[in-house]
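First the proteins, then the strands, lettered A, B, ... as listed; each starts at 1.
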Amino acid sequence: MQDILQQYKTTKVEEVTVWFKAAAVKDFPKDGGACIKYKNKQIAVFNFTRENKWYACQNLCPHKLEMVLSRGMIGDDKGTPKVACPLHKKTFSLENGENLNGDLDAIATYPVKIEDNSVYVGFSE
Amino acid sequence: MEKIIVIGNGMVGYKFCEKFVAQEASKNFSITVFGEEPRPAYDRVHLSEYFENKDAKALEMAPRSWYEENKVDLITNARVTDISRKSKTITTADDTTYNYDYIVLATGSSAFVPPIKGIEKEGVFVYRTIEDLDATMNYVAKLKAEGTQKKAAILGGGLLGLEAAKALVDMGLKTSVVEFAPRLMPRQLNTDASKSLQTKLEALGIEILLSKATQQITGEEKITGMQFSEEETTPFDMLLVSAGIRPRDELAKTCNLEVGTRGGILVTNDMRTSDPNIFAIGECALLNSMIYGLVAPGYDMAEVAVAQILEDKEAVMPSAIDMSTKLKLSGIDVASFGDALNENNGVEIVYENGYEGIYKSINVDKEGKSLLGGIMVGDASDYSMLHQIFLNGMKIPENPAELILPATDGAASLGDVTDLPDEAQVCSCESVTKGQICSAIENGEATDVAGVVSITKAGTGCGGCKPMVADLTNATLKSLGITVKDTVCEHFDYNRQDLYKIIQVKGYTNFNQVLDNHGNGGHGCELCKPLIASLMATINADTANKEYAIQDSNDRFLANIQRNGTYSVVPRVPGGEITPDKLIVLGEVAKKYDLYTKITGGVRIDLFGATLNQLPHIWRELVDAGFESGHAYGKSLRTVKTCVGSTWCRYGMDEAVSFGIELENRYRGIRAPHKIKGGVSGCIRECAEARGKDFGLIAVEGGWNLYVGGNGGATPRHAELLAEQIDNETVIKYLDRYLMFYMRTAKPLQRTAAWQERLEGGLDYLKEVILQDSLGIAADLEEEMQTLVNKFECEWTQAINDPEVMKRFNHFVNSEENDDNLVFVPLRDQKMPEPWS
Ligand code: SRM
Ligand SMILES: Cc1cc2nc3c(=O)[nH]c(=O)nc-3n(C[C@H](O)[C@H](O)[C@H](O)COP(=O)(O)OP(=O)(O)OC[C@H]3O[C@@H](n4cnc5c(N)ncnc54)[C@H](O)[C@@H]3O)c2cc1C
Ligand code: SF4
Ligand code: FES
């Protein structure tokens with residue numbers, strides 16, 4: 001089971017080699033998230049409509065290794081954008097993946113860009 | 001530079017380092033700590049939490065970096081095997097030697113394993129370290145994979161044994177506590193208190209076997225049972241031994257330090273052993289012929305050792321050491337303090353309420369002037385206060401019974417926290433006084449409980465003092481003229497009731513309006529979003545489809561998320577009445593989508609294991625067959641449980657089913673601060689368990705008796721009688737008022753029972769508001785409720801008829817595929833998610 005965790009590595013903008021066109025902006029809920037598939041990865045993409053910002057992270061919650069984070073509620077913790085896992089409400093920063101209310105390992109985050117009303121997620125492979 | 005070697009990096013060994021480096025003079029010393037365990041010291045007191053979250057890091061007393069920053073040389077995985085007092089050196093298991101000027105022995109204790117025949121068998125565990133818990137959990141997982149119900153025994157009914165029993169029950173094992181003595185917690189409780197505790201534990205599903213001497217552990221290699229006598233052998237699949245502790249004095253013995261006849265390193269009240277350069281502190285130390293098996297005395301010993309090494313010869317342990325304890329079991333209140341068993345022949349006062357499962361006893365001196373000790377089972381809410389009265393020798397009421405009698409007229413007979421003397425020790429683990437807590441706030445260093453805790457460390461040990469720390473914090477803030485508000489979260493400076501009024505008056509219809517106009521900026525969070533969603537539902541009759549991104553995770557997908565991220569499907573079956581045809585539809589749908597099927601505790605049918613994509617398809621079939629959402633996911637009406645009543649039953653006084661269905665259909669879909677359940681019984685035999693519900697009706701001669709504010713769950717409470725012998729119409733009128741009043745004024749996630757209990761003025765006040773309309777709001781309440789009833793729409797019917805809403809149920813936005821991470825395993829003739837590793 002731990003191997004699926006290994007698939008997800010934080011990718012910085014400068015490391016991006018592939019901008020994957022995931023879906024149209026309108027396919028994502030406002031102030032909410034949805035999941036996309038890239039190769040064998042599941043990536044949660046969040047639309048912070050209030051500030052027109054987008055974030056992406058692994059869909060896998062490191063707590064119990066379930067593919068659920070895209071279904072979590074988003075918000076902020078003292079200004080840091082975050083997602084709360086729908087299973088046990090562990091919260092993660094969407095800026096650096098850090099677990100904000102516990103000591104779980106950080107989740108992997110990925111850059112997102114919007115062009116021509118499409119959502120692109122950046123990968124390095 | 002002098003060299004200190006600390007042997008043992010447990011709770012007390014760590015505390016020694018922490019207290020030592022905090023002293024200015026410590027820079028003239030170097031400290032090296034040896035710990036036999038693989039990780040830095042952790043909080044053993046809260047070890048049981050590891051069963052739930054397996055998070056070893058969360059238990060750490062301090063991270064490794066702390067030791068580096070404070071120049072404490074920590075060597076883990078290193079057992080010290082020898083001390084040579086002549087050459088002033090110690091040797092570790094890998095044969096390295098180190099010099100010392102002082103040694104602090106903090107080797108703690110190990111679990112005592114009685115020499116019972118067969119105790120070495122596979123499946124027998126102890127409960128002391130994280131590794132012990134890992135081994136236990138692995139074994140439980142192995143047993144559970146076999147599929148049949150497994151049985152565990154705990155040897156020892158003391159503090160730790162009961163904690164362990166709760167953990168095993170929570171893991172799904174059938175659990176029995178085996179105690180040699182004729183009562184539980186024999187060192188803290190008397191026979192009556194033990195009986196009261198036993199009833200509570202049995203209600204949690206823990207079996208209690210008292211006066212049992214175990215002769216032998218049966219089984220070939222693995223344990224299969226325990227033999228208590230020639231005639232009596234009980235089968236068990238595993239055993240956890242919690243029969244006491246043995247001080248680890250083996251090192252002391254290697255260098256001929258004096259030890260007690262029954263173990264323990266002999267120390268005087270300056271914590272020095274028979275060698276003045278060697279100290280012993282914590283559970284390995286034998287002081288006053290006692291081993292003190294609690295952290296608080298251990299921490300005090302650490303402080304004394306620090307002072308002694310730094311040449312403060314005055315610092316010694318007090319002659320009386322407090323051994324008060326509170327059991328840390330959620331849902332069970334047990335505490336004892338002082339001379340709990342009345343060994344000094346004080347005058348005993350007992351209060352017992354078998355109905356509510358409360359037992360309290362105290363003993364006071366012959367003159368009735370001071371409190372000597374006491375026990376409380378079932379309600380330990382006054383523990384902190386009584387403990388303080390005892391510790392500080394405070395004055396007690398002329399009639400000492402008032403200390404334990406339930407308060408009348410809402411007036412608490414106990415003193416106020418503000419009456420405590422400044423030097424009263426509120427947190428005994430960290431030795432924090434009331435004065436320190438209050439001055440942290442008065443100096444402006446802290447402005448809330450979290451701040452007080454981080455500055456003073458109060459409440460970071462066993463946590464037993466937390467309620468008192470909170471009370472003191474609030475009282476001090478109040479005395480400074482600062483109002484304490486129970487705000488929702490960082491995004492709003494309002495509580496639920498304020499937001500209710502704001503939304504109602506301003507007529508807001510979405511979350512952003514409320515956040516933009518009344519919030520503190522940002523995006524909101526998982527606390528304020530669902531709360532506002534619930535308020536919008538109560539005020540505007542919005543369903544969860546309206547603004548689904550602010551709904552709690554279950555409401556967002558109109559289904560309860562399960563362990564593996566799949567969902568359950570619970571259609572409404574009003575009153576539990578269902579036609580054979582509908583029953584067949586449920587069976588067919590379950591078969592078609594391969595769903596695990598079960599009758600719920602709420603007497604309806606739950607289909608588990610539906611993937612997100614399947615949900616709308618399943619619901620389309622159910623809606624077509626005439627089903628509606630059962631709102632099992634919402635903070636809303638769940639079920640109204642009924643008995644057959646006079647329709648069939650020979651004792652029935654009224655038609656419980658018909659009325660139950662009417663009520664369920666009336667209140668379905670309405671969102672509240674927490675879930676609501678109802679029950680209707682046809683006579684006082686109460687087969688529908690109506691008094692265990694938020695509202696309950698029992699048919700009697702001349703009408704219905706209406707009960708309110710009951711629940712099951714962790715703190716079960718019987719509903720209280722609101723009105724007697726009323727007709728159907730009056731029931732609905734009162735219920736409309738009651739529920740709406742609750743929905744307007746309760747805190748988020750507060751069920752009716754908790755709300756009612758904290759309502760100022762209690763049931764009498766509630767009766768005035770609901771029956772006599774003392775606030776003049778009854779007509780409004782009824783009208784608001786009627787509006788909600790009229791606006792009801794089934795959320796699932798809405799969802800499957802709206803293509804926009806349907807999009808929500810795809811696992812991926814860019815693919816039709818499903819979650820490939822899902823693994824099911826067979827379970828009896830059905831399936832279940834693969835267990836978590
Ligand atoms: C399915 C069911 C167990 C079963 O297999 O029988 C169940 C399952 C859950 N219960 Fe329950 N409870 C179920 C009957 C009960 C009962 C029995 C009853 O209703 O008579 C009780 C005790 C009565 C009571 O509520 O007072 C009960 C007391 C709780 C509690 C404790 C509530 C409390 O006030 O202390 C929770 C926790 C909570 O709500 O915060 C809870 C929470 C839950 C949750 C929602 C936990 C969760 O968040 O995942 C479970 C998921 C439900 C689901 O469908 O996935 N469940 N739960 C029962 C569904 C009844 C139904 O048809 O809707
Ligand atoms: C499940 C559980 C619940 C508890 N609940 C409570 C409670 O609610 N309230 C309360 O007050 N107390 C409670 N306790 C007791 C409390 O944990 C102990 O009093 C406390 O841990 C004692 O601290 P210590 O440092 O003396 O011993 P320990 O914490 O046992 O530490 C001793 C350390 O020394 C190490 N060691 C031993 N010999 C050597 C050697 N030769 N070389 C190197 N290292 C060595 C050991 O491996 C161990 O890590 C509980 C204990 C348990 C197990
Ligand atoms: S409560 Fe009364 S009416 Fe209902 S089943 Fe029991 S005995 Fe019959
Ligand atoms: S699985 Fe995500 S918090 Fe538990």
Side-chain angles (χ1 to χ4, degrees), chain A residues 1-2 4 20-24 26-38 40 42-43 45-51 53 59-61 63-91 102-105 119 121, chain B residues 52-60 63 489-491 510-512 515-516 520-530 533 547-557 561-567 612 804 807-808 810-823 833-834 836-837:
Chain A
M1 272 306 250
Q2 287 291 334
I4 52 170
F20 173 64
K21 183 173 176 175
K26 64 168 177 38
D27 293 336
F28 292 85
K30 291 201 169 110
D31 287 311
C35 184
I36 63 153
K37 193 172 171 78
Y38 171 67
N40 55 0
Q42 297 196 18
I43 304 292
V45 178
F46 299 101
N47 175 3
F48 280 65
T49 324
R50 287 174 59 83
E51 284 178 5
K53 288 213 170 113
N59 195 29
L60 186 72
C61 179
H63 181 216
K64 294 290 178 186
L65 302 184
E66 301 294 352
M67 289 290 185
V68 290
L69 289 180
S70 60
R71 289 177 257 164
M73 187 173 295
I74 58 170
D76 76 283
D77 181 345
K78 302 185 192 69
T80 306
K82 67 170 181 181
V83 58
C85 175
L87 284 175
H88 311 99
K89 299 253 157 69
K90 301 274 183 197
T91 54
D103 287 309
L104 293 171
D105 289 336
V119 179
V121 181
Chain B
E52 280 158 44
N53 56 25
K54 288 200 212 152
D55 191 352
K57 266 210 128 62
L59 289 176
E60 249 174 26
C489 65
E490 63 175 89
H491 300 101
N510 68 50
F511 177 76
N512 281 341
L515 183 57
D516 290 341
N520 301 331
H523 297 275
C525 67
E526 71 280 8
L527 298 174
C528 58
K529 284 180 172 179
E547 200 179 353
Y548 67 84
I550 62 166
Q551 306 291 333
D552 227 331
S553 36
N554 286 343
D555 289 86
R556 173 166 171 187
F557 297 106
I561 194 162
Q562 302 299 318
R563 202 152 61 67
N564 61 348
T566 61
Y567 289 87
L612 203 52
E804 260 318 288
K807 267 176 37 185
R808 194 190 314 166
N810 290 334
H811 188 81
F812 295 111
V813 282
N814 63 339
S815 158
E816 295 291 303
E817 282 168 68
N818 212 333
D819 179 3
D820 52 10
N821 189 40
L822 289 177
V823 185
E834 189 179 51
W836 278 331
S837 51

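B:E817 touches chain A through its side chain: at least one heavy atom from C-beta onward sits under 4.5 Å away, while N, CA, C and O do not. In this structure, chain A has a heavy atom under 4.5 Å from the side chain of B:D55, while its backbone stays farther away. With a 4.5 Å cut-off on non-hydrogen atoms, B:N810 does not touch chain A at all. At a 4.5 Å heavy-atom cutoff, A:K53 makes no contact with chain B through either its backbone or its side chain. For B:L527, no part sits under 4.5 Å from any heavy atom of chain A, backbone or side chain. Within the 4.5 angstrom heavy-atom criterion, atoms from both the backbone and the side chain of B:E526 approach chain A. With a threshold of 4.5 angstrom between heavy atoms, B:R808 does not approach chain A through any atom at all.
Listed by chain and number, the residues in a ring-ring contact (aromatic ring centres under 6.0 Å, His included) with B:F511 amount to none (sequence neighbours excluded).
Here the side chains of A:K82 and B:C525 are in contact, with some heavy-atom distance below 4.5 Å. A 4.5 Å side-chain heavy-atom check between A:L60 and B:N821 finds at least one atom pair inside the cut-off. Side-chain atoms of B:N814 and A:K21, non-hydrogen and from C-beta on, never get closer than 4.5 Å to each other. In this structure, the side chains of A:N59 and B:H811 come closer than 4.5 Å at one or more pairs of heavy atoms. Between B:E490 and A:D76, some side-chain heavy-atom pair lies under the 4.5 Å cut-off. At a threshold of 4.5 Å between non-hydrogen side-chain atoms, the residues A:D31 and B:E547 do not count as touching. In this structure, B:H523 and A:E51 have side chains that are in contact, with non-hydrogen atoms separated by less than 4.5 Å. At a threshold of 4.5 Å between non-hydrogen side-chain atoms, the residues B:L515 and A:R50 count as touching.
Remark: the backbone N or O of A:I74 is paired with a side-chain donor or acceptor of B:K529 at under 3.5 angstrom.
Of the charged side-chain nitrogens involved, none lies within less than 4.0 Å of a carboxylate oxygen, so that B:K57 and A:D105 do not count as a salt-bridged pair.
We find the NZ-CZ distance between B:K807 and A:F28 to be 10.0 Å, quoted to the nearest 0.5 Å. Here B:N53 contributes atom CG and A:L104 contributes atom CG; the two are 9.0 Å apart, rounded to the nearest 0.5 Å. Taken from CG in B:N520 to NZ in A:K78, the straight-line distance is 12.5 Å, to the nearest 0.5 Å.
Smallest separation of non-hydrogen atoms from B:R556 and A:S70: NH1-O, 4.1 Å.
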Would you be so kind as to tabulate the donor-acceptor pairs closer than 3.5 Å made by side chains of residues 83-90 of chain A, with sequence neighbours excluded?
{"residue": "A:H88", "atom": "ND1", "partner": "A:H63", "partner atom": "ND1", "Å": "3.1"}
{"residue": "A:K89", "atom": "NZ", "partner": "B:D552", "partner atom": "OD1", "Å": "3.2"}

Requested in this report: Let me see the working for B:D820 and A:K37 under side-chain contact (heavy atoms from CB on, under 4.5 Å), right down to the final yes or no.
Outcome: CA-CA 11 Å; B:D820 52 10; A:K37 193 172 171 78; 3.5 Å; yes

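Donor-acceptor pairing under 3.5 Å is recorded for the side chains of B:D819 and A:Q42.
The residue among B:A549, B:C489, B:C528 with the most heavy atom pairs within less than 4.5 Å of chain A is B:A549. Note on A:G33, A:C61, A:G72, A:A24: by heavy-atom pairs under 4.5 Å with chain B, the leading option is A:G33. For the set A:M67, A:K30, A:R71, the count of heavy-atom pairs under 4.5 angstrom toward chain B peaks at A:R71.
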